[in-house]
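Read the structure below first, then the notes.
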Amino acid sequence: MSSDLATVYLEPDQVDIADPVLVIALDGWVDAGFGMRHAAEIMVKGHDERPVASFDADLLIDHRARRPTMTVRDGRVDDISWPAIQLQVVSDLDQREFLILRGPEPDFRWQAFCTAVDDLVQQLGVARTVSIGAYPAAVPHTRPVRLSATGTSPELIERFGAPQGTLEVPAGISAVLAKRFEASGMETVSVWAQVPHYAAGSPFPAGTAALFQGLRAAADLRFDPAPLIAEGLEVSRRLDTMIAQNASHQRLLSQLESAYDTAVGEQGNEIPSGDELAEELERFLRDQDESK
């Protein structure tokens, strides 16, 4: 592949993945509760990643908007860490290898970037791409995180649910990539976690756990949810305490719960009971253990 944007480290015949799936985790547009960023960190950390290609950050990133990070030790600038956009091979709990495109969303040359990525993943034999993300929604933290999806797979869209009607919203580069992949004949799906709008500005582990459920359904990729379950319960307890101190917040939460339960009931799903979030997360953990 010839491109001024990409540096290739592994040629297609050196990657050798059976039925490769590409997961797209480019941050910078909307990532409520840092769900996508946290998921990408977990997918890469400790999984012996292999770099396939990197993309020229000097041509793609506005460094004054997203500045590099410097480490200062005893008054001396010891190191400078630059934003990086990388395509890597990683593996899940079952040692199934897949590709992940991660890093900051480009500021410039979107069309050229998408062409470079499309050319490369076609050479690698990718047939399915899965984008992940999280957006703020009018939902309560006391209920399981719901997923929604867009893409070209009717089966997956029906399973997750899709936004109804016609929407015009700003597009992230993952959507532009999805349209490019679709034109190349690949199956695409974008999985979104719905994070409570009042919790969208801080880490919301339950959103990340939901995205891993989505990845398992969309691409049969598994990751350990146990740390997210513990973190999610702690976040839920803190939110419970804060809301209990304000009567208007309690009324808002009750309204959100009622709307959530009505929407879930209309879809014919079971409405969570009792200790909603804890019960759902514990059930998810048991399901993961039983499938091993």
Side-chain angles (χ1 to χ4, degrees), residues 1-17 19-31 36-37 39-41 43-45 47-71 77 79-91 97-133 150-152 169-190 219:
M1 180 193 74
S2 176
S3 171
D4 65 328
L5 295 181
T7 299
V8 177
Y9 305 112
L10 293 178
E11 295 299 330
D13 60 353
Q14 297 175 295
V15 177
D16 191 27
I17 302 175
D19 301 320
V21 170
L22 170 66
V23 175
I24 301 172
L26 296 171
D27 63 80
W29 176 51
V30 57
D31 187 24
M36 179 272 293
R37 185 182 304 180
E41 291 171 351
M43 283 188 276
V44 172
K45 185 177 180 180
H47 288 87
D48 299 323
E49 69 272 13
R50 291 188 288 150
V52 176
S54 63
F55 298 86
D56 194 334
D58 270 354
L59 296 177
L60 296 170
I61 301 298
D62 179 356
H63 290 306
R64 291 195 300 174
R66 280 178 285 192
R67 294 179 181 272
T69 301
M70 66 178 182
T71 301
V77 177
D79 189 27
I80 295 181
S81 177
W82 294 87
I85 306 173
Q86 298 177 312
L87 180 66
Q88 299 167 292
V89 175
V90 294
S91 58
E97 290 189 321
F98 64 98
L99 295 159
I100 182 170
L101 179 65
R102 61 187 294 263
E105 179 184 66
D107 296 302
F108 311 113
R109 300 188 65 181
W110 277 27
Q111 297 283 9
F113 173 75
C114 291
T115 297
V117 174
D118 185 33
D119 289 347
L120 185 54
V121 299
Q122 282 196 62
Q123 292 184 43
L124 293 169
V126 173
R128 173 178 290 187
T129 68
V130 183
S131 300
I132 57 173
T150 60
T152 61
V169 296
I173 198 160
S174 60
V176 181
L177 281 167
K179 291 301 292 182
R180 185 65 62 91
F181 295 148
E182 180 182 345
S184 299
M186 297 182 210
E187 186 178 56
T188 70
V189 62
S190 296

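Just so it is clear, the model here is predicted, and its values are computed rather than measured.
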- Task: Start with the C-alpha distance between Met186 and Val121, add both sets of side-chain angles, then the distance that settles side-chain contact (heavy atoms from CB on, under 4.5 Å), and finish with yes or no.
- Result: CA-CA 10 Å; Met186 297 182 210; Val121 299; 3.5 Å; yes
- Message: Could you report the tightest heavy-atom contact between Phe181 and Asp118, atom names first, then the distance?
- Response: CD2-OD1, 3.6 Å
- Message: Minimum heavy-atom separation for Gly125 and Pro20, please, with both atom names.
- Response: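 Of all heavy-atom pairs spanning Gly125 and Pro20, the closest is O-CG, 3.4 Å.
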- Residue of the set Leu99, Val126, Leu124 for which side chain to side chain contact (heavy atoms under 4.5 Å, CB included) holds with Ile17: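 When Leu99, Val126, Leu124 are each tested with Ile17, the side chain to side chain contact (heavy atoms under 4.5 Å, CB included) holds only for Leu99.
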Look only at the side chain of [X] and the backbone of [Y], and say whether a donor-acceptor pair between them is shorter than 3.5 Å.
| X | Y | answer |
| --- | --- | --- |
| Asp31 | Arg37 | yes |
| Glu105 | Ile173 | yes |
| Asp62 | Asp107 | no |

Do the non-hydrogen side-chain atoms of [X] and [Y] ever get within less than 4.5 Å of each other?
| X | Y | value |
| --- | --- | --- |
| Leu26 | Ser174 | no |
| Pro104 | Ile61 | yes |
| Arg67 | Arg64 | yes |
| Val90 | Val23 | no |
| Phe55 | Val117 | yes |
| His63 | Asp58 | yes |

Using 0.5 Å steps for rounding, measure from the [atom1] atom of [X] to the [atom2] atom of [Y].
| X | Y | atom1 | atom2 | value |
| --- | --- | --- | --- | --- |
| Arg180 | Thr129 | CZ | OG1 | 13.0 Å |
| Gln14 | Arg50 | CD | CZ | 9.0 Å |
| Ile24 | Met36 | CD1 | CE | 11.0 Å |

- For side-chain contact (heavy atoms from CB on, under 4.5 Å), just list the numbers for Val130 and Phe98, CA-CA rounded to whole Å, side-chain angles, deciding distance to a tenth of an Å, and then say yes or no. CA-CA 11 Å; Val130 183; Phe98 64 98; over 6 Å; no
- Query: Please walk me through it: do Leu120 and Leu87 pass side-chain contact (heavy atoms from CB on, under 4.5 Å)?
  - Reply: CA-CA 10 Å; Leu120 185 54; Leu87 180 66; 3.4 Å; yes
- side-chain contact (heavy atoms from CB on, under 4.5 Å) assessment of Val15 paired with Glu97: CA-CA 10 Å; Val15 177; Glu97 290 189 321; over 6 Å; no
- Side chains of Gln123 and Asp119, donor plus acceptor under 3.5 Å: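 Side chains of Gln123 and Asp119: no pair found under 3.5 Å.
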- Partners of Tyr9 by side-chain contact (heavy atoms from CB on, under 4.5 Å), sequence neighbours excluded? Thr7, Pro51, Ser54
- Task: Assess whether atom CG of Asp16 is packed by more than 12 heavy atoms of other residues, nucleotides or ligands within 6.0 Å.
- Result: no
Review item, side-chain donor-acceptor pairs of residues 79-86, under 3.5 Å, at least two apart:
none

- Item | Those residues that, when tested against Gln88, pass side chain to side chain donor-acceptor pair (under 3.5 Å) (two or more places apart) | none
- Taking only Lys NZ, Arg NE, NH1 and NH2, and the carboxylate oxygens of Asp or Glu, determine whether Arg109 and Asp56 approach each other closer than 4.0 Å. no
